[in-house]
Amino acid sequence: MHALSEVRRVLKPGGRLIDLRPTMRNRTIELELPTARLHIGEIDSSSTFPDHVAANAALDAAMTAGEFSLKHMTNFYYMSDLDSLADLRDFKAGLRRSVLPESIFERIEALTTDEPAGYLIRIRREMLIARYRKSGA
């Protein structure tokens with residue numbers, strides 16, 4: 001992995017590597033209505049999973065080789081709030097490899113017909129953050 005090679009080159013012994021990236025879970029889409037929060041569906045990100053597997057393997061190999069040690073790792077959620085289906089279409093247009101099914105739009109439209117301005121579309125993405133320390137004197 002090119003990024004890890006660059007980190008090896010520039011990071012001093014004892015230096016810290018922060019790994020921040022999405023997990024291998026699909027983003028979820030929720031609809032916030034005045035009276036309820038509904039799970040609407042998921043954005044299929046499975047086409048990106050091989051990249052995650054490769055990144056994990058590279059870090060595992062570096063730790064096995066004694067180059068880095070894991071100091072802390074946790075997951076958290078990053079949320080994007082959208083005000084309309086038009087905003088969701090704009091979000092979809094920015095996706096590169098993930099797939100947002102058309103059925104999501106249809107479901108939101110059906111559920112918000114009577115509440116044109118009283119809802120929020122929330123996209124929830126699970127992120128990983130980890131801190132590693134470079135080994136050495």
Side-chain angles (χ1 to χ4, degrees):
M1 173 174 241
H2 176 70
L4 192 54
S5 296
E6 188 65 8
V7 167
R8 285 183 184 107
R9 186 182 74 77
V10 300
L11 198 62
K12 294 178 183 178
R16 295 182 188 117
L17 163 64
I18 305 296
D19 180 15
L20 175 65
R21 57 192 156 104
T23 66
M24 289 182 22
R25 293 200 172 120
N26 288 330
R27 285 172 272 199
T28 59
I29 299 177
E30 300 170 349
L31 183 63
E32 289 265 347
L33 297 169
T35 57
R37 177 184 303 151
L38 306 172
H39 174 80
I40 300 299
E42 295 185 350
I43 298 172
D44 179 4
S45 298
S46 59
S47 66
T48 67
F49 292 173
D51 296 341
H52 296 279
V53 170
N56 291 339
L59 281 166
D60 289 346
M63 287 192 304
T64 299
E67 298 173 343
F68 292 92
S69 59
L70 176 65
K71 296 302 180 185
H72 181 76
M73 179 184 289
T74 192
N75 292 355
F76 67 95
Y77 286 97
Y78 174 82
M79 289 168 274
S80 301
D81 290 343
L82 309 174
D83 295 322
S84 67
L85 282 170
D87 291 342
L88 186 58
R89 289 227 180 263
D90 289 344
F91 182 89
K92 180 180 180 176
L95 295 174
R96 292 187 329 202
R97 294 188 293 168
S98 298
V99 177
L100 198 164
E102 193 60 32
S103 60
I104 299 284
F105 294 92
E106 295 163 0
R107 185 154 185 231
I108 292 172
E109 191 167 34
L111 290 166
T112 60
T113 302
D114 297 334
E115 304 188 45
Y119 68 91
L120 183 73
I121 301 165
R122 175 163 288 147
I123 300 170
R124 188 180 299 262
R125 180 171 216 170
E126 186 178 48
M127 302 290 291
L128 170 135
I129 187 164
R131 180 171 42 95
Y132 298 86
R133 174 132 317 149
K134 186 175 182 185
S135 303

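Since the model is a prediction, treat every value here as computed from it, not as a measurement.
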Nearest heavy-atom approach of Thr23 to Leu128 is CG2-N, 3.9 Å
Is there a path of hydrophobic side-chain contacts, each under 4.5 Å between heavy atoms of I/L/V/M/F/W/Y residues, joining Ile29 to Val99? no
CZ (Arg124) and CG (Asp81) are apart, to the nearest 0.5 Å, by 9.0 Å
message: Main chain of Arg97, side chain of Ser47: is a donor-acceptor contact present, judged purely on distance under 3.5 Å?
response: yes
Quiz prompt | Exam field: side chain His39 to backbone Leu31, donor-acceptor pair closer than 3.5 Å | solution = no
Does Ile40 belong to the same Ile/Leu/Val/Met/Phe/Trp/Tyr cluster as Leu120, with side-chain heavy atoms less than 4.5 Å apart forming each link?
no
Interatomic distance, CG@Leu82 vs CD1@Ile123, rounded to 0.5 Å, equals 4.5 Å
Going only through I, L, V, M, F, W and Y residues with side-chain contacts under 4.5 Å, is there a path from Leu11 to Leu59?
yes
Note: Glu42 and Pro101 closest approach over all heavy atoms is O-CD, 3.5 Å
Nearest heavy-atom contact between Ser135 and Gly66 is OG-O, 2.8 Å
If we ignore angles and hydrogens, is there a donor and acceptor under 3.5 Å between the side chains of Arg27 and Ser98?
-> yes
One should read off an interatomic distance between Arg131 CZ and Met73 CE, to the nearest 0.5 angstrom, of 11.5 Å
Margin query: Tell me whether Leu38 shares a hydrophobic cluster with Ile104, the cluster being built from Ile, Leu, Val, Met, Phe, Trp, Tyr side chains joined at under 4.5 Å.
Written below: yes
cation_pi(Arg125, Tyr78) dist<6.0 Å, angle<=45 | no
More than 12 heavy atoms from other groups under 6.0 Å of CD on Glu109:
no
Salt bridge check, Arg107 against Glu102: does any charged N sit closer than 4.0 Å to a carboxylate O?
no
So CZ of Phe91 and CG of Leu100: to nearest 0.5 Å the spacing works out to 7.5 Å
Rounded to the nearest 0.5 Å, the OG1 atom of Thr113 sits from the CD1 atom of Ile108 at a distance of 11.5 Å
- Query: Would a 4.5 Å heavy-atom cut-off, applied to side chains only, mark Ile121 and Glu32 as touching?
  - Reply: no
Flag yes if Phe76 and Met79 sit in one hydrophobic cluster, no otherwise; membership is Ile, Leu, Val, Met, Phe, Trp, Tyr, and two members link when side-chain heavy atoms are under 4.5 Å apart. no
ask   = So does Glu67 pair up with Lys134, basic N to acidic O under 4.0 Å?
value = no
Heavy atoms of other groups near Arg25 CZ, more than 12 under 6.0 Å:
no
- Query: Are the side chain of Ser45 and the backbone N or O of Thr48 linked by a donor-acceptor pair below 3.5 Å?
  - Reply: no
Cationic tip of Arg133 above Phe68 ring, under 6.0 Å, 45° of axis = no
- So do the side chains of Ser84 and Asp87 get within less than 4.5 Å of each other, counting heavy atoms only? yes
Ignoring hydrogens and angles, state whether a donor on the side chain of Arg21 or Asn56 is under 3.5 Å from an acceptor on the partner side chain.
yes
#### Entry: Side chain proximity check, Ile129 to Ile18, heavy atoms < 4.5 angstrom
yes
Between the CG atom in Leu88 and the CZ atom in Phe105, the distance rounded to the nearest 0.5 Å is 4.0 Å
